[in-house]
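Treat the numbers as computed from the prediction; the structure is a model and nothing was measured.
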Amino acid sequence: PQAWNRPVKTPRDLALGATLLLWHLPAVSLEYIEGVALRLPEQTEAYREHHTSDTHWQHIEYRTPEGTLIAEQRLDYACSQNAPAFEQHDLRDGTRFGARWENGVYTLIRNGQARALRQPDSLVASSGFNRFVQAEWGALIGGKRIDFDFALPARLQAFRLRIQRMDTPEGYPETSAWFRISAAQAWLRPFVAPITLGYDEQKRLRIYRGLSNLEDGDDSSLTVEISYRYDGNPPATREPALARNEPITTRMRTTGSADCGVHRS
């Protein structure tokens, strides 16, 4: 399904992707999670995600099935659990986008361009989405529909989305609760393929189905099913990530109250 592509020119602008869903409430120690992304409908492996997280930060590597690093994302939750500062760098084409906190203002960044967002209480960005799900778990399990504003750095704007519980599909024994994400505006829903999420009894994301936040090798949209494994083991030693040693073109890390302002979630 490529319906996410119709309202906008760049599908990954609207794709939540697995990265914006994965992380639950902050951990006391390092946590390691692996995700295997299968290209749909072919069911062939597209890439793997390797997540490392601590209380206030997160690092994600995206690698080919052969292990080659193709992209990475770094996140800082010091100012907000729902809307972290972050930067994603695609090593294949050099694309960078993300967001930062500065003097209490949340600013979206795309390849050197920047735009400050109006900050509604429901603002969510990148992997902060899963912390948002955790905070609203009881309401969602009870059947409540929740609308929120999702930040889209690739378009320098926010997009109104809706999440609600759905029936659990067959064939996923590791999951116990499923949710559907769709456009909040009724007129957009016929053009936007929903994203579906499967969680286990420990409130951990186990299955993601929808558009990836990465494009395919030919710059086309990529629809995936990602299965997550929580084994607690660190990833195997790999070559240094190139992006980790490059200067960040826009300041991402926000650790002081002067940056966060009054907004902390």
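Grouping the Ile, Leu, Val, Met, Phe, Trp and Tyr side chains by contacts below 4.5 angstrom, directly or via other members, places Leu197 with Ile141. In the hydrophobic cluster analysis, where Ile, Leu, Val, Met, Phe, Trp and Tyr join through side-chain heavy atoms closer than 4.5 angstrom, Val105 is grouped apart from Val124. Hydrophobic clustering of Ile, Leu, Val, Met, Phe, Trp and Tyr side chains at less than 4.5 Å, counting indirect connections, keeps Val36 apart from Tyr172.
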query = After noting the C-alpha distance and the side-chain angles of Thr52 and Trp57, does the key distance pass the side-chain contact (heavy atoms from CB on, under 4.5 Å) rule?
reply = CA-CA 9 Å; Thr52 306; Trp57 63 268; 3.7 Å; yes

task = Would you check, one step at a time, whether the test side chain to side chain donor-acceptor pair (under 3.5 Å) holds for Ser182 with Arg162?
result = CA-CA 5 Å; Ser182 58; Arg162 172 172 295 171; 6.0 Å; no

request  = Go through the steps for Ile181 and Met166 under the test side-chain contact (heavy atoms from CB on, under 4.5 Å), then give the verdict.
outcome  = CA-CA 10 Å; Ile181 302 167; Met166 59 177 282; over 6 Å; no

query = Under the side-chain contact (heavy atoms from CB on, under 4.5 Å) criterion, do Ile70 and Thr64 qualify, and how do the steps go?
reply = CA-CA 7 Å; Ile70 55 176; Thr64 65; 3.6 Å; yes

inquiry  = Using the rule given for side-chain contact (heavy atoms from CB on, under 4.5 Å), can you reason through Leu69 versus Glu61, listing the C-alpha separation, both sets of side-chain angles and the distance that settles it, and then say yes or no?
reply    = CA-CA 7 Å; Leu69 183 68; Glu61 292 183 352; 3.8 Å; yes

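The distance from atom CD1 of Ile60 to atom OG of Ser53, rounded to the nearest 0.5 Å, is 9.0 Å. The CZ atom of Arg96 lies 8.5 Å from the CG atom of Leu91; values are rounded to the nearest 0.5 Å. For the atom pair CG (Asp76) and CD (Glu87), the distance works out to 12.0 Å, reported to the nearest 0.5 Å. For the atom pair SG of Cys260 and CD of Glu102, the computed distance is 11.5 Å after rounding to the nearest 0.5 Å. If you take CG on Leu161 and CG on Leu152, they are separated by 7.5 Å, rounding to the nearest 0.5 Å. Rounding to the nearest 0.5 angstrom, the gap separating the CG atom in Asn103 from the CZ atom in Arg100 is 10.0 Å.
A 4.5 Å side-chain heavy-atom check between Ile207 and Ile226 finds every atom pair outside the cut-off. Between Thr196 and Glu225, every side-chain heavy-atom pair lies at or beyond the 4.5 Å cut-off. Inter-residue side-chain proximity for Gln88 and Asn213 is flagged as met; some heavy-atom pair is nearer than 4.5 Å. Residues Val224 and Leu38 fail the side-chain proximity criterion, which asks for heavy atoms closer than 4.5 Å. Between Ile163 and Leu140 there is a side-chain heavy-atom pair separated by less than 4.5 Å. Side-chain contact between Phe132 and Gln81 is absent, with no heavy-atom pair separated by less than 4.5 Å. For the pair Thr44 and Arg39, the minimum side-chain heavy-atom distance is below 4.5 Å. A 4.5 Å side-chain heavy-atom check between Val133 and Glu136 finds every atom pair outside the cut-off.
Using cut-offs of 30° and 60° for the angle between ring planes, the Phe148 and Phe150 rings count as perpendicular.
Judged by distance alone, the side chain of Arg165 and the main-chain N or O of Lys144 form no donor-acceptor pair under 3.5 Å. With hydrogens and angles disregarded, no donor-acceptor distance shorter than 3.5 Å links the side chain of Asp54 to the backbone of His56. With hydrogens and angles ignored, the 3.5 Å screen pairs a side-chain donor or acceptor of Arg110 with a backbone N or O of Ala154. Side chain of Asp200 to backbone of Arg204: a donor-acceptor contact under 3.5 angstrom is found. With hydrogens and angles ignored, the 3.5 Å screen pairs a side-chain donor or acceptor of Arg92 with a backbone N or O of Glu215.
A cation-pi arrangement is present between Arg131 and Tyr77 under the rule of less than 6.0 angstrom and at most 45 degrees off the ring axis.
A salt bridge does not link Glu66 to Arg63: none of the charged nitrogens lies less than 4.0 Å from a carboxylate oxygen. Using a cutoff of 4.0 Å between basic side-chain nitrogens and carboxylate oxygens, Arg206 and Glu174 are not scored as salt-bridged. Checked for salt-bridge contact, Glu34 and Arg48 meet the test: a charged N lies under 4.0 Å from a carboxylate O.
For the side chain to side chain contact (heavy atoms under 4.5 Å, CB included) with Leu211, the qualifying choice from Val192, Thr223, Leu222 is Thr223, the only one to do so. Remark: of the listed residues Glu72, Arg74, His51, Gln73, Glu72 is the sole one forming a side-chain hydrogen bond (donor to acceptor under 3.5 Å, both in side chains) with His59. Of the candidates Tyr208, Phe179, Tyr230, Tyr199 forms a ring-ring contact (aromatic ring centres under 6.0 Å, His included) with just one, namely Phe179.
Of the N and O atoms on the side chains of Tyr47 and Ser212, at least one donor lies less than 3.5 Å from an acceptor on the other residue.
When all heavy atoms are compared, the tightest approach of Trp178 to Asp167 is CB-O, 4.1 Å. Minimum heavy-atom separation, Pro153 to Gly98: CB-O, 3.2 Å. When all heavy atoms of Leu123 and Asn82 are compared, the pair lying nearest together is O-CB, 3.6 Å. Across all non-hydrogen atoms, the minimal contact from Asp216 to Ser221 is CB-O, 4.5 Å. Among all heavy-atom pairs drawn from Pro194 and Arg180, the shortest one is CB-CG, 3.7 Å. Nearest heavy-atom pair, Ser122 versus Asp147, reported as atom, atom and distance to 0.1 Å: CB-O, 4.1 Å.
In Gln43, the CD atom is crowded: over 12 heavy atoms of neighbouring residues, nucleotides or ligands sit closer than 6.0 Å. Atom CZ of Arg189 has more than 12 neighbouring heavy atoms from other residues, nucleotides or ligands inside a 6.0 Å radius.
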